[in-house]
> 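Please find one structure pasted underneath; my questions will follow.
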Amino acid sequence: MARRLMNAPRRAGFAVLAGLAMATAPLPVLAGERVVVVGGALAEIVYALGQEHRLVGRDTTASHPPQVLDLPDVGYMRALSPEGLLRLAPDLILADEGAGPPETIAVMRAAEVPFASIGEGYAPQDVIDRVTGVAEALGVTEAGAALAADLAARFEAVEAARAGVERPLRVMFILSAQGGRINAAGAGTAAEGIIALAGAENAVQGFQGYRLLADEAIAASAPDAILMMEREGDHAITDAQIRAHPALGLTPAAEQGRIIRMNGLLLLGFGPRTPDAALDLHRALYGGQGDGGS
Amino acid sequence: MAVLDLAFRPTAEGDRSARARLVLAVLAGLLLLIALASLGTGASGVSLLAVAADWLRGEELGLRERVVLFDIRLPRLVTGMLVGAALAVSGAVMQGLFRNPLADPGIVGVGAGAGLGAVLAIVLGGLLPAWAAAMAGMHLVPIAAFLGGWASTLILYRVATRRGRTSVATMLLAGIALGALSGALTGILVYIADDRQLRDLTFWGLGSLAGASWAKLAAAAPVMALAMLATPFLARALNALALGEAAASHLGVPVQRMKNLAILAVAGATGAAVAVSGGIGFIGIVVPHLLRLVIGPDHRFLLPAAALLGAALLLLADMIARVIIAPAELPIGIVTAVLGGPVFLWILLRRRGIVDL
């Protein structure tokens with residue numbers, strides 16, 4: 001008993017070292033039959049690969065397809081509970097790079113639960129790499145290669161559509177507008193990624209991540225279009241509210257009524273549906289002249 | 001409720017030490033029971049009885065049972081006991097030292113400083129040079145929280161000490177100013193944090209024992225244990241201090257030495273507690289008041305009783321936190337506040353005016 005107790009910290013320490021080593025080594029081929037998926041886009045990829053029968057759990061960020069919500073929820077991807085995960089007796093955890101906390105991941109390694117960390121990124125190749133990574137971890141490389149090829153083809157279609165753009169529109173992505181304060185996406189965000197894929201430019205420049213914008217900054221950014229997530233309740237922003245907003249109302253986007261709403265996970269998930277999302281956005285921007293798209 | 005009624009019935013004036021000893025024994029028994037229950041409770045459904053039976057039959061434990069018991073629940077149990085005890089004892093010491101029922105460990109600036117340290121680590125940790133990041137590893141946030149707590153205590157102490165005398169009133173006021181400053185700096189960091197860091201900050205602020213590990217305990221447990229072992233030496237002095245500083249020093253209490261020791265102990269205990277578990281409110285203020293109602297303000301009994309009850313309450317809250325929405329987990333700060341708030345209010349309503357020192 002005592003010896004075991006003494007071993008525990010050493011084992012955990014080793015697990016951390018092993019974790020550091022794994023981060024650089026290629027993913028081993030794992031074949032779990034009880035898989036917990038952590039990350040909304042990864043869950044979508046598992047379904048797209050037709051491997052959903054192997055899932056036994058998901059995190060709160062997974063919401064598509066709707067059946068995924070029937071699985072037990074292990075909590076927010078950055079605050080996973082070690083015992084909660086072990087309760088599901090997983091033999092593979094598929095997680096976004098950002099999943100954590102690191103203590104939980106160390107315990108998973110101590111419990112010898114295979115842990116596949118899948119990279120992130122907002123470029124087509126990143127999405128394809130994620131599909132390949134998930135497929136390898138699940139041991140379904142053929143299905144993975146097929147899905148990756150399909151994705152590559154669809155991304156080419158997006159690229160072709162993008163090539164036809166003569167003057168890229170400037171798009172502002174609004175995350176929320178609580179109390180009239182506009183929280184918009186800057187550089188390095190998923191929103192900027194999808195805007196670029198759709199052949200447009202992020203109208204908001206000069207900072208990383210999401211920030212509250214001053215009214216003058218909104219006016220200066222002068223977006224041709226405004227992009228938002230479909231929401232209900234308090235977070236919903238109506239076209240009338242945008243036109244009535246002192247700064248947003250003066251932008252070309254509001255004047256031309258070019259206000260686009262799309263499903264959040266579809267738009268920002270960077271999973272298998274991303275080419276569709278990019279094409280949808282592209283059509284909403286360039287397809288019907290100035291028609292709102294929603 | 002009948003038991004509570006009995007407990008809070010005012011006794012005849014004078015000596016309550018017999019009752020205090022009884023309460024100490026009951027609390028020790030309670031803590032033992034809760035600790036056993038805590039070892040046997042968790043989302044994974046590993047049962048202590050089943051494991052014990054296997055062990056008695058001489059069977060080797062499965063890897064899953066071993067990890068759940070020895071890598072998850074046991075470090076969590078020890079962390080919970082130490083943190084709960086540290087927060088409650090620190091609260092009792094601070095209320096005694098400041099002769100103020102509102103005092104809690106946060107008053108020496110530990111809370112705000114530790115919070116700032118943690119936020120700094122979460123938001124700017126990525127900017128550390130590689131060697132420093134590798135050294136701190138995943139313990140960067142606890143280390144930063146501990147250093148932040150200590151730094152702010154030292155600043156407060158320096159501000160409040162003139163010619164070898166520490167003014168508790170100055171410390172109280174300076175604590176408020178320093179708290180506001182830490183809050184502002186935290187605000188700036190929150191502003192530049194990205195979405196993920198914001199979620200991390202929120203979860204850190206709500207506290208959790210989920211990250212408990214032997215490695216963290218090895219660093220934090222000695223600090224908490226040492227600090228708490230120092231507090232019994234403060235008990236008599238704190239009792240004398242209830243009469244006022246001048247009276248206490250006429251009674252032969254080395255007031256300044258005692259203040260130094262008390263501040264050092266509280267900064268150590270809460271700094272380490274906050275570092276391993278994040279922001280867990282309420283224990284430091286509720287536990288001492290509850291106990292004063294039952295056993296009176298004598299610090300010789302109040303301090304050990306606070307340690308026992310604080311540990312028991314935090315373990316209980318943690319048990320709830322980890323099973324109520326399994327396989328996910330609730331931040332423990334939510335549980336302590338939801339459980340403690342109404343109970344405390346109920347007591348205040350029933351015994352209005354009894355809460356004084």
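Just so we're on the same page: letters track the sequence lines, and every chain starts at 1. For the numbers below, each heavy atom of this structure counts, side chains included, while hydrogens, waters and symmetry mates do not.
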> If you define the side chain from C-beta out and look only at heavy atoms, does anything of B:Val46 sit under 4.5 Å from A:Leu86?
no
> Identify every side-chain donor-acceptor pair in residues 314-331 of chain B under 3.5 Å, counting partners at least two apart or on other chains, and give the distances.
unit_1: B:Asp318; atom_1: OD1; unit_2: B:Arg76; atom_2: NE; d: 3.3
unit_1: B:Asp318; atom_1: OD1; unit_2: B:Arg76; atom_2: NH2; d: 2.7
unit_1: B:Asp318; atom_1: OD2; unit_2: B:Arg76; atom_2: NE; d: 2.9
unit_1: B:Asp318; atom_1: OD2; unit_2: B:Arg322; atom_2: NH1; d: 3.1
unit_1: B:Arg322; atom_1: NE; unit_2: B:Thr41; atom_2: O; d: 3.3
unit_1: B:Arg322; atom_1: NH2; unit_2: B:Ser38; atom_2: O; d: 2.3
unit_1: B:Arg322; atom_1: NH2; unit_2: B:Ser38; atom_2: OG; d: 3.2
unit_1: B:Arg322; atom_1: NH2; unit_2: B:Thr41; atom_2: O; d: 2.9
unit_1: B:Glu329; atom_1: OE1; unit_2: A:Ser81; atom_2: OG; d: 2.7
unit_1: B:Glu329; atom_1: OE1; unit_2: B:Arg76; atom_2: NH1; d: 3.4
unit_1: B:Glu329; atom_1: OE2; unit_2: B:Arg76; atom_2: NH1; d: 3.3
unit_1: B:Glu329; atom_1: OE2; unit_2: B:Arg76; atom_2: NH2; d: 2.7

> Heavy atoms under 4.5 Å from chain B: which residues of residues 65-74 of chain A carry them?
A:Pro72, A:Asp73, A:Val74
> Shortest non-hydrogen contact from A:Ala110 to B:Val67?
O-CG2, 3.7 Å
> Side chain, backbone, both or neither: which part of A:Ala79 has a non-hydrogen atom closer than 4.5 Å to chain B?
side chain
> Using a cut-off of under 4.5 Å on heavy-atom pairs, state which of B:Gly211, B:Ala218, B:Ala210 scores highest against chain A.
B:Gly211
> Say you draw a straight line from CZ of A:Arg211 to CD1 of B:Ile192; how long is it, rounded to the nearest 0.5 Å?
7.5 Å
> Let me know if B:Ala193 has heavy atoms under 4.5 Å from chain A in its side chain, its backbone, both or neither.
backbone
> Give a yes-or-no answer on whether the side chains of B:Ser213 and A:Glu103 include a donor-acceptor pair shorter than 3.5 Å.
no
> Got a sec: does the CG of B:Leu49 have more than 12 other heavy atoms crowding it under 6.0 Å?
no
> With a 4.5 angstrom heavy-atom cut-off, is it the side chain or the backbone of A:Pro82 that approaches chain B, or both, or neither?
both
> Rounded to the nearest 0.5 Å, how far does OG of B:Ser44 lie from CG of A:Leu88?
10.5 Å
> So which of B:Leu198, B:Ile72, B:Leu217 has the biggest tally of heavy-atom pairs under 4.5 Å with chain A?
B:Ile72
> Using non-hydrogen atoms and a 4.5 Å limit, figure out which bit of A:Phe207 sits close to chain B: side chain, backbone, both or neither.
neither
> Would you compute the distance between atom CZ of A:Arg78 and atom CG of B:Asp200 and round it to the nearest 0.5 angstrom?
4.0 Å
